[in-house]
Number of protein chains: 2
Amino acid sequence: MYVRCHGCPLRTKPAFHDKTQDEIAVIDQMKSDHLRVSAGTEFIHPEQTDAELYTLFSGWAFRYKELADGRRQILNFSLPGDLIGMQAALLDKSLYGAVALTDAELCVVPRRRLFKLFEHAPGAAYELTWLGAREEALVDENLLTAGRRNAMERVAAMVAALYKRAEQLDLVQDGVMDFPLTQQHIADALGLSLVHTNKTLARLRAQGMFRIADGKLALLNPRAVARLAQYFEKEPARRPII
Amino acid sequence: MYVRCHGCPLRTKPAFHDKTQDEIAVIDQMKSDHLRVSAGTEFIHPEQTDAELYTLFSGWAFRYKELADGRRQILNFSLPGDLIGMQAALLDKSLYGAVALTDAELCVVPRRRLFKLFEHAPGAAYELTWLGAREEALVDENLLTAGRRNAMERVAAMVAALYKRAEQLDLVQDGVMDFPLTQQHIADALGLSLVHTNKTLARLRAQGMFRIADGKLALLNPRAVARLAQYFEKEPARRPII
DNA sequence: GCTTAGGTATGTGTTTTGACATAGCGCGAT
DNA sequence: ATCGCGCTATGTCAAAACACATACCTAAGC
């Protein structure tokens, strides 16, 4: 059940850099646990002071913040290979929550070992920082979306971005990928109301650019979606994985 | 004109951790330049592939992204001591621009030296990563603002957050701080139109919670502002500075 | 002194988004 | 089997935000 980094099936995906056996050994040593959580589990809590650092091994997750009156903003979605919890692990306490969207597996790097990692494995530390910077880039893009795109564009931007990320992980087949978000998740990620999200999806559906149904997303016209969203960013060809 | 880290007047502010002479020497070695730029200078360009890493030494700056049709979203504002350009320095190319809002001074850490820093100064590398995580936290909060707060709340949240940051840097006197943003900047940061921002400011002004005028912000009723914005986050008492 | 440009202010009408209500569907629990 | 719940769908109306037009003020440049 416990997955050692040496045989990790994730790191051989085309999305990720190759690593030497030594590098992998370092990371394997840092890893303290391999966690299985079921859909809906909140594995980092807002205000939590002892959150660990995680790499999502399988499944989907998201980070969120909320206001005192319950309004919730999803900050970003995590796919396999993504780091979750840099802020939570480094800062005094977590300023957000993190929840598994599907059943998921998490590789755990204890926050206590983080500084050691910087001392003894500068390469891994650099990659950690790199991944942190990438996560910020995702949030930046989401902020652009929430701040400056209208409802139709927001949905299109989200579809385009998630599709591109899934593609890199070999999660797309014949233009179709798993898509475990409810409309409430979409609304919370895009800064829209649930009802308006539903109506926006209906309008987009009528235009036939993509289809979301039964937990699947089929991207029918990537060009049109990218154009509508004015979303043209490329993911780096290969990235680290810790 | 060139400021050596040893005598840096910024790092002695109460907002920052103390450093040993050795630590300071390491950073001083990393620093390659001390740049002066005038208000409006864009010192990191979107798509730029060779952006350096900066610490803002004096003045204000902001990072932004824009859509092809010109809509602009300001991602966050930087105050003295803040790091700017982690993403730009680490990733292949910059996904955002960075502009000086006022005349400003920048300490430059060349991107080429970054990996060396990780190899030879794990403490400094850790702090760099910490600062990157903090910047992401700022963007997270801005995303919550743009996505889930209404116009009045957005302005209040921005005022509360910037005031709190300025306070930590001794930039507040008698409840008044420099505030070099135009209404267009506020609009672009909050995801509002210029006109609506102006009207929202007028409504808030009528309520007397704060006053923005002549490049100054006077916070008259911090409690009311925090309550309206539902903004209660605390900055960590002390943080690193590179 | 005049002009221009950037910034702020405000009225009017339109568009977008949200709120509320209601309904249907599928699925798991009792 | 049926009840309740989560999720999706859709109509109607209200509120929030935007677009456009115009005006005023100040400071910089000629």
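Lettering of chains follows the sequences in order, A, B, ..., and the numbering in each one begins at 1.
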TODO: Under 4.0 Å between any heavy atoms, over every strand shown, what does B/Gly40 touch: base, sugar-phosphate, or nothing? Just pick one.
DONE: nothing
Task: Donor-acceptor contact present, side-chain B/Gln168 to main-chain B/Pro236, <3.5 Å - done: yes
TODO: Locate the shortest heavy-atom distance separating B/Leu91 from B/Arg111; write the atom from each residue and the value.
DONE: O-NH2, 3.5 Å
Task: Donor-acceptor pair, side chain of B/Arg154 and main chain of B/Ala146, under 3.5 angstrom - done: yes
What protein N or O atoms touch nucleotides 5-8 of chain D N or O atoms at under 3.5 angstrom, if any, and at what distances?
residue: D/dT8; atom: OP2; partner: A/Gln183; partner atom: N; Å: 2.7

TODO: Can you tell me the distance, in whole Å, between the CZ atom of B/Arg203 and the P atom of C/dG11?
DONE: 14 Å
Open item on the list: On DNA chain D, does the nearest nucleotide to A/Gly147 precede the nearest nucleotide to A/Leu201 from the 5' side, or the other way round? Give the residue.
Closed with: A/Leu201
TODO: Could you grab the distance from atom CG of B/Leu201 to atom CE of B/Met152, nearest 0.5 Å is fine?
DONE: 10.5 Å
Open item on the list: I need a per-nucleotide contact map over nucleotides 19-27 of chain C, read 5' to 3'. Cutoff is protein heavy atoms under 4.0 Å; write B for the base, S for backbone only, - otherwise.
Closed with: BB-------
Task: Which atom of A/Leu10 lies closest to which atom of A/Gly81, heavy atoms considered - done: CD2-N, 3.5 Å
Task: Between C/dT17 (P) and A/Leu190 (CG): distance, integer Å - done: 11 Å
Open item on the list: If you define the side chain from C-beta out and look only at heavy atoms, does anything of A/Lys65 sit under 4.5 Å from A/Leu75?
Closed with: yes
- [ ] Provide, to the nearest angstrom, the distance between the NE2 atom belonging to A/His196 and the C1' atom belonging to D/dA15.
- [x] 13 Å
TODO: To the nearest 0.5 angstrom, please state how far the CG atom of A/Leu190 sits from the CD1 atom of A/Ile74.
DONE: 9.0 Å
Task: Sugar-phosphate only, base, or nothing, as touched by B/Gly215 at under 4.0 Å among non-hydrogen atoms - done: nothing
Task: Nucleotide D/dA16, atom C1' - distance to CZ of B/Arg148 in whole Å - done: 15 Å
Task: Integer-rounded Å distance: D/dA16 C1' and B/Arg149 CZ - done: 18 Å
Open item on the list: Would you say that more than 12 heavy atoms from the other residues, nucleotides or ligands in this model lie under 6.0 Å from the CZ of B/Arg239, or not?
Closed with: yes
Task: Spacing between B/Ile212 atom CD1 and C/dG7 atom P, to the nearest angstrom - done: 15 Å
TODO: Grab the CZ-C1' distance between A/Arg154 and D/dA17 for me, whole Å please.
DONE: 11 Å
Task: Interatomic distance where CE belongs to A/Met152 and P belongs to C/dT15 [whole Å] - done: 15 Å
Task: Side-chain heavy atoms of A/Asp140 within contact of A/Glu136, under 4.5 Å - done: yes
